Amino acid sequence: ILNVEQSPQSLHVQEGDSTNFTCSFPSSNFYALHWYRWETAKSPEALFVMTLNGDEKKKGRISATLNTKEGYSYLYIKGSQPEDSATYLCAFIITGNQFYFGTGTSLTVIP
Amino acid sequence: GAGVSQSPSNKVTEKGKDVELRCDPISGHTALYWYRQSLGQGLEFLIYFQGNSAPDKSGLPSDRFSAERTGGSVSTLTIQRTQQEDSAVYLCASSLRGVGGGANTGELFFGEGSRLTVL
């Protein structure tokens with residue numbers, strides 16, 4: 001079982017604040033890294049699929065970076081809004097069929 | 001429907017009973033996964049189906065758990081003689097591309113899950 005760690009486990013921020021959290025994974029045998037957002041009472045939805053060292057992806061106020069050599073990815077949220085409140089999951093992939101998920105970062109944005 | 005559909009959304013059962021959870025993936029998706037999330041834990045891989053290949057059952061926690069996928073579409077996860085530790089949210093996900101000699105970087109599309117409570 002591969003260890004994928006996410007930190008912090010939970011986070012409370014004020015509306016308008018920017019925030020970031022980390023996904024750490026083994027640096028060997030990397031193939032891809034995914035970020036998912038899981039809102040309460042909904043299904044997880046993909047945010048980013050990242051495959052190359054140095055990848056930077058952006059979707060609106062959310063962006064992510066990837067460092068495969070040192071085994072980490074950062075997710076950034078600029079100007080947090082209440083609708084950003086969710087659990088953010090990362091998944092590390094080394095083969096075509098095994099997604100190793102972290103335990104997630106629970107974000108609460110306080111209006 | 002357009003998304004992954006799971007049923008039932010909630011299931012309460014007594015210890016020792018059998019339960020079946022159903023997943024209807026997105027049409028045309030060849031890969032199908034089952035995961036579960038127990039309270040306070042991350043997503044735990046259970047089983048993976050890819051086309052007509054033999055499923056990867058390496059994540060099934062015991063022989064009380066089994067799954068099948070009929071006609072390359074609908075999948076059923078069966079838990080026999082349920083125990084309290086089986087209580088969790090069971091998530092199904094499908095993906096457009098599977099292994100097929102290359103790695104799958106395609107995103108997973110999840111259903112809303114089946115919440116199982118074993119009393």
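A quick note: this is a predicted structure, and the numbers were derived from the prediction, not measured. The chains referred to below are lettered A, B, ... by the order of the sequence lines, with proteins before strands, and numbering in each begins at 1.
Around CG of B:Leu39, the count of heavy atoms belonging to other residues, nucleotides or ligands within 6.0 Å does not exceed 12. Under a cut-off of 6.0 angstrom, the local environment of CD in B:Glu14 is sparse, with at most 12 non-hydrogen atoms contributed by other residues, nucleotides or ligands. Residue A:Glu45 places its CD atom among 12 or fewer non-hydrogen atoms of other residues, nucleotides or ligands, all under 6.0 Å distant. Atom CD of A:Gln9 has 12 or fewer neighbouring heavy atoms from other residues, nucleotides or ligands inside a 6.0 Å radius.
Between A:Tyr100 and B:Phe45, the ring center distance fails the sub-6.0 Å criterion.
Side-chain heavy atoms closer than 4.5 Å link hydrophobic residues (I, L, V, M, F, W, Y) into clusters, and following such links, even through other members, never connects B:Phe65 to B:Tyr35. Cluster membership check: B:Leu32 shares its hydrophobic cluster with B:Ile47, using side-chain heavy-atom separations under 4.5 Å among Ile, Leu, Val, Met, Phe, Trp and Tyr. Residues B:Leu21 and B:Val89 fall into different hydrophobic clusters, defined by Ile, Leu, Val, Met, Phe, Trp and Tyr side chains chained together at heavy-atom separations under 4.5 Å. A continuous path of Ile, Leu, Val, Met, Phe, Trp and Tyr side chains, each step under 4.5 Å between heavy atoms, connects B:Leu60 with B:Trp34, placing both in one hydrophobic cluster. When hydrophobic clusters are built by joining Ile, Leu, Val, Met, Phe, Trp and Tyr residues whose side-chain heavy atoms come closer than 4.5 Å, directly or via intermediates, A:Leu47 is grouped together with A:Phe25.
For the options B:Gly113, B:Gly111, B:Ser58, heavy-atom pairs under 4.5 Å to chain A are most numerous at B:Gly111.
By the 4.5 Å heavy-atom criterion applied to side chains, B:Tyr33 and A:Phe99 are counted as neighbours.
Contacts between B:Gln37 and chain A at a heavy-atom distance below 4.5 Å involve the side chain alone, from C-beta outward. For A:Ala91, no part lies under 4.5 angstrom from a heavy atom of chain B. In this structure, chain B has a heavy atom under 4.5 Å from the side chain of A:Tyr36, while its backbone stays farther away.
Counting all heavy atoms, side chain and backbone alike, B:Glu107 lies closest to A:His34 at CA-CE1, 3.7 Å.
Listed in order of number, the residues of residues 102-111 of chain A that approach chain B to under 4.5 Å between heavy atoms are A:Gly102, A:Thr103.
Going from atom CG of A:Leu89 over to atom CG of B:Leu108 covers 11.0 Å, rounded to the nearest 0.5 Å.
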